[in-house]
Every structure is written in structure tokens, then in C-alpha cells.
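Since we're looking at a predicted model, the values are computed, not measured.
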Amino acid sequence: MTGSAAPWNYAPAPESTKVELKERYGLYIDGSFRDPVAGQFFETINPATEAPLARIAIADRQDVDNAVAAARKALKAWRRTPAIERAKYLFRIARRVQERARELAVLETMNNGKPIRETRDEDVPLAAAHFFHHAGWCDKLRFAFPTRDGTPPAPVGVCGQIIPWNFPLLMAAWKIAPALACGNTVVLKPAETTSLTALRLAEILQEIDLPPGVVNIVTGAGETGKAIVAHGDIDKIAFTGSTEVGRSIAASVAGTSKRLTLELGGKSPNIIFADAAIDQAIEGVVSAIWANQGQVCCAGSRLLVEESVADEVISKLHHRMRSLRVGDPLDKNTDVGAINSRAQLDRVERYIKCGVAEGASYNAFTEGSLPKKGFWVRPCFFTGVQPAHTIAREEIFGPVLAVMTFRTPDEAVARANNTMYGLSAGVWTSRGSKAYEIAKQIKAGVIWCNTFNQFDPAAPFGGYRESGFGREGGRAGLAAYLA
Ligand code: NAP
Ligand code: MG
């Protein structure tokens, strides 16, 4: 596998960036866009070029108050809207997301840095699928959640939803679709660095005539999120993001009547047994750790390989890594794009230095040079990693893989569970009984067998231990939005 892989010079295949961008975006409250009370805005940029894209409103406590008041007012009528009518709104959102798919994919790539191939083929279609799926649920809730008197189950009320920057539109869909299907109203805060697609979704909500106040979108930084969490008239908080912020939210909600679901970080194991289809497993590793530059809460960031095939796996992984195409995220050939922010890049680089300092061996993608502007890091993996190493324990949230080996299935399970997290896991084996036995013993919310990072709106997704609690997707996900 060593030999020199000739660099294949593809012709650039850039997607057109012709999408409408306003110079500045207000807050989406009570069905229309308005300037924030204090008149403050911040600049949002393209992380692949550092070019400014637009200015985004900063919502302070007064704005959050207005958004919550709009959601409270809208709740009265929305929860009484016949389920079949609510379903029509969700269907319309789904159809409109599909119709405006190209524009949403381009905007997402420009604001997030992830490859257009991913936003076009995964983020946007999955977001639409989430609305379609939940549209179908609206008039069937009473069968899945029967009440004593046969009436439809009641919504929780006004939901504060706070989402991260790694899947901006998809996370908005994961949050909004089940909430609306159950008759709740929403105040959603996108992440500071990636507000554009959520704001475009707000335009879609206007286009389909969703009643004002049912969904309110307030932009800003952590302080805006804090104001939502602390608000006295919110019935439920749904948060996706770091374990650290999740902990602080849990502490601030404790002792109130607010309901809470948390989708937090992970350090998920991806286990390859000697009897696995190795080439297929390598592709699984690529999608587990290099898709979305590894900025995925359920990334398979710890690769556990059975010792007898470790050399083969590592050499094939090296070969595969060299064939990645790293660069312009808007190029349709690109596999790995830019890191979302300078802060995240600094964090990833700190971990890489730490891995080297602790004595693990660093293997990085070395083809070509990285763009001069923007936030770039070479996809990499570490071998010779010990379970006590920082890069084996902490969530990096970047394209950095820690490779470790095991000898027996018991050792694989022990190593896989040797973490404070429990979000996802991958098991690669050609024996179904083994996959089943191993999966049963792994402490994680989602376990994939002979695949990785597969999402379906009908399949519940969520964590265990420090990865949070509550599920999103399917029947389990709806439960969190019903009283
Ligand atoms: P984060 O701070 O947890 O951000 C998640 C969301 O919460 C964002 O909308 C954020 O706003 C908001 N927020 C921040 N502080 C808050 C507070 N005190 N109360 C309420 N909301 C608050 O995550 P991050 O700063 O973007 O990333 C930090 C690290 O978290 C990453 O390096 C990564 O390891 C991890 N992470 C995990 C996930 C995941 O899905 N598990 C997602 C993202 C990040 P702002 O964006 O405006 O700060
Ligand atoms: Mg933050």
C-alpha cells in the first residue's frame, strides 16, 4: 500500500454561489423579521475564506422576552389546530425545503465550511425528511400515546431550543418538526457562527403561512441562549451542544418545572473485528471521522481494531486518507472542507499537539497545500494511542482519529465502554451473532453495525451517560414534546 498514489488532478467543479444574501438579518419574531431592541448586530463569515457574508442580529433579554411572549400567544390556537391541519403545515415546510434545496445547501456550505456534497446529499434531504416524517405523525399521536379519555395527548407548551453549528439546518429540523407535530410553539436559537440557514428556514415558514409566533428564531451568542434557558415562561428546553454547556443548563433548570432534553458530546468507539469486510470497514471509518471534518457529536473518534488485522487496517486507512480531497467546500469533488471557526481550529490543533506530546504517532493527510485563508486542518489519525491519552478520552470535534487495538471481544467491549460518554458506536464483523452480542454490551444510545453515521427520522437518536438524555426522532423523540 505504500507506493506513490499519483495525484489525480480533477478539474475544479465549483457550485455556483448565486444565492440571495441580505446585508443584514433581523430576528424572526411573531411571523416577521424585526431589528433587535438594542440594535446590535454581528458579522457572520465563510470559514473557508474568512469573507464576510452578512450581519446577524443579537437578541438580548428583551428580544427573547418578546419571542417567548409571541410563542405563548400563538400556543393557544396552535395546540387546538386540528392535527390534520398541523400536518399540512409540516408537509408544506418539507416540500419548500426540497424546492429550495440547492440554495439551502449552498448557504449551509458557505456558512459552515462543510462540503457541498454533504449539504446537498445529506443535511438538506434529511432536514426535509424530518419534516415529512413528523407531518405523518400529527394525527396519529393519540394511537402512539393513548390518553384515558381518548383525547389527543397535550403538548408541553413553549419550547426553547438551542442548537450547535455542526448541522445547522438539520438540527433546526430535528428540533422544530417534532415540537410542531405535537402542538408546541418554539423559540429557537441557532449557533452564533451558523445562523443563515435557520433564517432562510424562517423565510420558508413565512412563505407557507405558518401562523405567526408558532416558530420564533432569535440569533446571537451564548448570552442569548442563557436568556432562553433562564426565561420564566418557557416549559421545555431542548439543547444540543457541548457537555460543558449542557451541564450548566441542567444546573440552571434544576428546581424549576421546566422539562429538559440534552444531546451532548461523545467519544464514540468504532470497532473492527478481524472477520469484518475490511475495505467496507475502512469506508466506514472515513465517514465516521472525516465526514463534516469530524465535527460530529457521534463521530467514531476512537477506532478499536482487532490486533491480528491492525497492520492491514492501518495501511489501508493511510492509503484511503491520501485519496481524500481537502479544499474548497463548494467544489463538488471535495471530501473534507474547512473547520467551522478559528476557535474550533485552535482547539483541534491543541489536541493534535497534545497527542504528539503524549507520545502517540501522528499520521496526516499530506497531499497538496491547504488554502491560505480560512480555517484548515489536515485530516489525520494517531496510532500507538494509550487509553489514558488525552486524545483517547476527550471529545476533539475535528478530523482526528485515535487508533487502538484489542485482542478479545471482551477487551473490545471494555475499551469501548472506557469513556464518560455514550452516544454512538460502530461494530464491524461479518458474523451477525457477534454483532448482536457486542452491541448488547456497549453503553451507547445508537449502535451501527457494518455502517456508521446513518440517520433516519424514524430512528431515535440520543445519548447515555455524559452524552445527555432524551431522544430525537421516531416515537421516542415525540415523547419529549408531549405533556
Ligand atoms: P456550545 O457552546 O455548547 O454551543 C451550543 C449552543 O449553545 C450554541 O447555540 C451556543 O451559542 C449556545 N450556548 C453557549 N453557551 C450557552 C449557555 N451558557 N446557555 C445556553 N446556550 C449556550 O458549543 P460550542 O461553543 O459551539 O463548541 C464547543 C465544543 O462543544 C466543541 O468544540 C465541541 O467539542 C462541542 N460541541 C458538541 C456538539 C454536539 O453536537 N455534541 C455540537 C457543537 C459543539 P453560540 O454558538 O452562540 O456560542
Ligand atoms: Mg459557544
Quick one: are [X] and [Y] in side-chain contact, heavy atoms under 4.5 Å?
X: Val245; Y: Phe239; result: yes
X: Gln293; Y: Gln344; result: no
X: Arg347; Y: Ile339; result: no
X: Leu317; Y: Val285; result: yes
X: Phe397; Y: Ser242; result: no
X: Leu169; Y: Asp123; result: no
X: Asn292; Y: Asn112; result: yes
X: Arg247; Y: Thr243; result: yes

Quick one: sort the [X] and [Y] rings into parallel, tilted or perpendicular, breaks at 30° and 60°.
X: Trp137; Y: His133; result: perpendicular
X: Phe461; Y: Trp174; result: perpendicular
X: Trp448; Y: Phe455; result: perpendicular
X: Tyr362; Y: Phe382; result: tilted

Rounded to the nearest 0.5 Å, what separation is found between the [atom1] atom of [X] and the [atom2] atom of [Y]?
X: Tyr351; Y: Glu395; atom1: OH; atom2: CD; value: 8.5 Å
X: Asp65; Y: Ile228; atom1: CG; atom2: CD1; value: 11.5 Å
X: Ile56; Y: Ser195; atom1: CD1; atom2: OG; value: 5.0 Å
X: Leu482; Y: Asn184; atom1: CG; atom2: CG; value: 7.5 Å
X: Leu27; Y: Ser32; atom1: CG; atom2: OG; value: 10.5 Å
X: Arg72; Y: His231; atom1: CZ; atom2: NE2; value: 9.5 Å

Checking Ser248 against Lys226: is there a side-chain donor and acceptor pair closer than 3.5 Å?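 Per modelled atom types, Lys226 and Ser248 side chains form no pair under 3.5 Å.
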
Donor on one side chain, acceptor on other, Asp328 and Thr334, under 3.5 Å: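 On atom types as modelled, these side chains do not qualify, holding no pair under 3.5 Å.
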
Quick test of your reading of the model: are [X] and [Y] salt-bridged, counting only N-O distances below 4.0 Å?
X: Glu394; Y: Lys267; value: no
X: Arg61; Y: Glu223; value: no
X: Lys114; Y: Glu108; value: no
X: Arg102; Y: Glu15; value: yes
X: Arg92; Y: Glu207; value: no
X: Lys175; Y: Glu472; value: yes
X: Glu367; Y: Arg322; value: yes
X: Lys22; Y: Glu203; value: yes
X: Glu50; Y: Arg342; value: yes
X: Arg117; Y: Asp331; value: no

Is there a donor-acceptor pair closer than 3.5 Å between any side-chain N or O of [X] and the backbone N or O of [Y]?
X: Asp63; Y: Val37; answer: yes
X: Ser467; Y: Gly265; answer: yes
X: Asn270; Y: Gly300; answer: no
X: Gln295; Y: Asn340; answer: yes
X: Asn333; Y: Arg325; answer: no
X: Ser424; Y: Ser268; answer: no
X: Arg471; Y: Gly463; answer: yes
X: Arg393; Y: Ala388; answer: yes
X: Asn453; Y: Ser287; answer: yes
X: His130; Y: Ala177; answer: no

Would you name the heavy atoms of [X] and [Y] that are closest together and state the gap between them?
X: Ala299; Y: Gly294; result: CB-O, 4.0 Å
X: Gly246; Y: Leu262; result: O-CD1, 3.8 Å
X: Ala135; Y: Leu90; result: CB-CB, 3.7 Å
X: Leu330; Y: Met110; result: CD1-CG, 4.0 Å

Could you go step by step and tell me if Arg302 and Thr419 meet the side-chain contact (heavy atoms from CB on, under 4.5 Å) rule? CA-CA 10 Å; Arg302 288 184 297 142; Thr419 171; 3.4 Å; yes

Assess the residue pair Arg200 and Thr197 against the criterion (side-chain hydrogen bond (donor to acceptor under 3.5 Å, both in side chains)); give the C-alpha distance rounded to whole Å, side-chain angles, the decisive distance to 0.1 Å, and a yes or no. CA-CA 5 Å; Arg200 194 59 54 115; Thr197 48; over 6 Å; no

Under the 6.0 Å and 45° cation-pi test, does Arg378 pair with Phe365?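 Arg378 over Phe365 ring: no.
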
For Lys373, I'd like to know if atom NZ has over 12 heavy atoms of other residues, nucleotides or ligands within 6.0 Å.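 It does not: Lys373 NZ has 12 such atoms or fewer within range.
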
Is there a side-chain hydrogen bond (donor to acceptor under 3.5 Å, both in side chains) between Arg259 and Tyr481 once you walk through the steps? CA-CA 9 Å; Arg259 303 235 317 231; Tyr481 287 97; over 6 Å; no

Residue pair Asn111, Thr44: steps toward the side-chain hydrogen bond (donor to acceptor under 3.5 Å, both in side chains) verdict: CA-CA 8 Å; Asn111 206 191; Thr44 192; 3.0 Å; yes

Mind running side-chain contact (heavy atoms from CB on, under 4.5 Å) on Arg100 and Ile204 for me, showing each step along the way? CA-CA 9 Å; Arg100 297 181 71 168; Ile204 288 177; 4.0 Å; yes

When you look at Tyr89 and Ile208, which way does the side-chain contact (heavy atoms from CB on, under 4.5 Å) test go after all the steps? CA-CA 7 Å; Tyr89 287 109; Ile208 63 116; 4.0 Å; yes

Applying side-chain contact (heavy atoms from CB on, under 4.5 Å), run through Arg55 and Tyr25 and close with a yes or a no. CA-CA 6 Å; Arg55 289 191 311 132; Tyr25 287 86; over 6 Å; no

Sole candidate of Asp346, Leu370, Val348, Ile45 that passes side chain to side chain contact (heavy atoms under 4.5 Å, CB included) when paired with Phe375: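 With Phe375 as partner, side chain to side chain contact (heavy atoms under 4.5 Å, CB included) holds for just one option, Ile45.
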
Here's a test for you: under side chain to side chain contact (heavy atoms under 4.5 Å, CB included), which of Leu53, Val124, Thr119, Leu21 qualifies with Leu107?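 The single option meeting the side chain to side chain contact (heavy atoms under 4.5 Å, CB included) with Leu107 is Leu21.
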
